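Because the structure is a prediction, the values reported are computed rather than measured.
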Amino acid sequence: MGLKGILKLAAATSLVCSLGVVAASAASLYVPNLTYRTGPFAATGIPIMNGQRDYVEMINARDGGVGGIELEFDECETGYNTNKGVECYEKTKGNAIVTQPWSTGITLQVLPRTNVDRIPILAPGYGFSPMSEGNTFAWAFNPPVSYWDGAYMILEYISGGDMSSLKGKEIALLHLDHPFGKEPIPLFEKMAAAHGFKFLKIPVGLKEMQNQSAQWLQIRRERPDHVIMWGWGAMNAGALTEAVKTRFPLDKMIGVWWSGSDDDLLPLGGKAKGYKSISWNAPGDYAVMKDIRKHVVDQGNSLLKSSADMDKVFYQRGVVISAILVEGIRTAQAKYGKANIGPEELRWGLENLDITAERLKEMGMDGMFAPLKTSCDNHTGHAGAWMLEWDGERFVQVSDLLKPNREVIKPLEAEKAAEYARNNAPWPGRDGLACN
Amino acid sequence: MFYRVSGQFKTSYESDMALFPIRQDAVLLGVILLAMYVVFPLFASEFTFKALLVPVMIYSLAAMGLNILTGFAGQLSLGTAGFMGVGAYACYKLTTIFPEMNVVVALLLSGCFSAMVGVAFGLPSLRIKGFYLAIATLASQFFLVWLFEKWAWLYNYNASGAIEVRTMDFFGLVVTGPTAAPVTQYYFVLVIVSLITFCMINLTRGRYGRLWKAVRDMDIAAELVGINLMRAKLSAFAVSSYVVGVAGAMLVFFWKGAAEPNLFDIPLSFQVLFIAIIGGLGSILGNFLGAILIVALPVLLNFVPGLIGVEVNSATLEHVNVMVVGALIVGFLIAEPHGLARLWALIREKLIIWPFPH
């Protein structure tokens, strides 16, 4: 017997050898996005990815790009599959000025590579919380708030601004049993120890997302004062359906920003009234949305099914994500005095973001997200977020801007960042990148 | 004409038992090895290494492990991904507990752990057969993934619950971690896969291979002629899990660089099983053919619209891709239910008598 069949591989690969990576024309900036419009998480992925795409298309159509250069927005489909993530990252990185990996699993794989390939990784509102520590994670950015910020702000909201009022209470965390869902646990544990509340972890396995009867039985038995949900994809709808079924008071239930999709709540309608979700973008009718409607959606250049979807929280969050990226590009262009920037320059831009309230107004996004400023040891910005409440038809803003307490979170970030660097030794850290 | 075997006489027992008794086979293999060892490393891009060559080899190896068990010994298993996970986690623990340990030693030792686990879960095979055994191995699959999630010691109490591969070198050459050159990793994987393939070809031709095949074809008959069923079945589980474990460790260490527990969930088991079935059960070559079809073809298909100048939305392309690959799998199985390896054997037979068929 021979191994001749490998010949087929030879023929096939010689084809690809000659292909190499996707070629981008010189007169544009290549910004790829590793999307998941297919697979188990597609329902939550599609609105965000539409928002990201449409903002960039709007910038191209309205302003002719950023600083006179067009953005070439490209999608590579991963289906939330980590194997596909490797493929997409390798395929797009050649000319890309940024990589947006989406899934936490793909982020984990890509993060060490970005140091070597010298390409910034933009993970708004996801990824690791310690990424904020820019002296360790020089190439990673997760503006405007991290998961630990989110956890802190939720506790702040529950306690009404006075953490000591949580003493003796019981707070349950219903979380996806996956790197993403486990992310806030260190902060909750630290806060529980400091303020004397009982913290209860209720994991939901990936296979149990749509059938959470065991978890909700536990919630009924324990009767926690609050349930905080760290869910994604099918888990959110599953949890909300169970909560309604078991008559859990929904005003005692608060989700992270990824658990606040209109599409999860619409089927429940009025029954889910009172459910809250923290969000770093406030939904509304902003000037930028009118521009997107005029330049992209009405032109038929959007992938949106219906223009009513533009009012949804997740679509607008996608818009915010691309807006942060575009601001990063703009900042880098101003610093280096050229339009055609590379990944290293964009890294500087993302590290020196300063989106003030005035700038937000100019962007037509006044109040859409909180003013944001990043620096060398702050790759997140820690801008703050608002509490949204489901009124039966849509999410409405019910709180003022909540801010995380950096003094509590920063030491934890430094500790976990150092731990990551130790586990992945030799970790390059800033690797001589100037901080200015 | 190209494959004429007339004139090639076997004049000694050695030549009769040679690995490649027909000269053309040996030449073809030589050409392939030359391509793999010399031509690809010279011309392939980073993308080709990372997205095509390395995963195809690793998946082929995993399927080869499964094929020993299912194709040669006839024991259906749905727990492959779990055993791959054991290999990966064992390798991770070994390299973190003993940081000085050579990565090759760790890799080969991690196979031993999965072999042990494989034998333990193979014990029911002494009593149950067929679909019932498949369900028993399915239990191991669920149990192992649950263990990877819940036993925090396995991932060193990492907050994210995932394992990350640190940078390791092999006599000064960086082979794992982000700084490892793709071509180095490629060679590393290639050498290990070649070695294990060579061992497996010989093993399946030899005493144990015959034991396994006898058990597969009719275990009662095998027992009657004096084959120790327990030894035959458990050795198949051990060898199979060993190879699968090494493949799992390489999947994480030489390809992905980080892994979450759910990577080793049932979809991976099915993927490997499909590779083995479509490639051809009871064949070594088939694993490579199957992996090319299941792993490399979807990647290559993604380039087709760009080559013919059609712009297709990435998500639509993914949907089309799944449909095309699915149709091809069904097509191949209708054309040749015994897999791609059998298809190649038929082509070869036709070539031998070409251009004068009977």
Do the side chains of Thr38(A) and His319(B) get nearer than 4.5 Å, heavy atoms only? yes
Mind checking whether Asn302(B) and Lys84(A) have side chains closer than 4.5 Å, heavy atoms only? yes
Side chains of Lys50(B) and Tyr89(A): closer than 4.5 Å at any heavy-atom pair? no
Distance col, row Asn262(B):CG vs Leu176(A):CG, nearest 0.5 angstrom, shows 9.0 Å
Is chain A contacted by the side chain of Val322(B), its backbone, both, or neither, given a heavy-atom distance below 4.5 Å? neither
Sub-4.5 Å side-chain heavy-atom contact between Val299(B) and Lys91(A): no
Of the backbone (N, CA, C, O) and the side chain (C-beta and beyond), which part of Ala18(B) lies under 4.5 Å from a heavy atom of chain A, both, or neither? neither
For Pro178(B) against Pro112(A), the heavy-atom pair lying closest together: CB-O, 3.3 Å
Quick one: which of Arg166(B), Lys256(B), Glu164(B) has the most heavy-atom pairs under 4.5 Å with chain A, could you say? Lys256(B)
Heavy-atom check, side chain of Asp117(A) versus side chain of Glu46(B), under 4.5 Å: yes
Rounded to the nearest 0.5 Å, what's the gap from NZ on Lys182(A) to CG on Asn158(B)? Could you check? 9.0 Å
Counting only heavy atoms not in Tyr37(B), do more than 12 fall under 6.0 Å of its OH? yes
Which answer fits Tyr36(A), side chain, backbone, both or neither, if we ask what part of it has an atom under 4.5 Å from a heavy atom of chain B? neither
Quick check: closest heavy atoms across Thr104(A) and Glu260(B), and the distance to 0.1 Å? C-OE2, 4.4 Å
Between Glu75(A) and chain B, which part of the residue has a heavy atom less than 4.5 Å away: side chain, backbone, both or neither? both
Value rounded to 0.5 Å, distance of CZ in Arg53(A) from CG in Asn313(B): 7.5 Å
One option among Val116(A), Thr78(A), Asn81(A), Leu303(A) has the most heavy-atom pairs under 4.5 Å with chain B, and it is Val116(A)
Tell me whether the count of non-hydrogen atoms from other residues, nucleotides or ligands lying under 6.0 Å of CZ in Arg23(B) goes above 12. no
Contacting moiety of Leu206(A), where chain B heavy atoms sit under 4.5 Å: side chain
Heavy-atom distance under 4.5 Å between the side chains of Asn156(B) and Asn423(A), does that happen here? no
Check each atom of Leu263(B) against the heavy atoms of chain A and say whether the ones under 4.5 Å are side chain, backbone, both or neither. side chain
All heavy atoms of Glu87(A) vs all of Ala51(B), minimum pair found to be CG-CB, 4.0 Å
Are Asn321(B) and Glu77(A) side-chain neighbours, meaning at least one heavy-atom pair lies under 4.5 Å? no
Can you tell me which portion of Pro203(A) sits under 4.5 Å from chain B's heavy atoms? Options are side chain, backbone, both or neither. side chain
Please tell me if the side chains of Arg37(A) and Thr316(B) come closer than 4.5 Å, counting only heavy atoms from C-beta onward. no
Spacing of CD belonging to Gln271(B) relative to CG belonging to Asn83(A), to within rounding of 0.5 Å: 6.5 Å
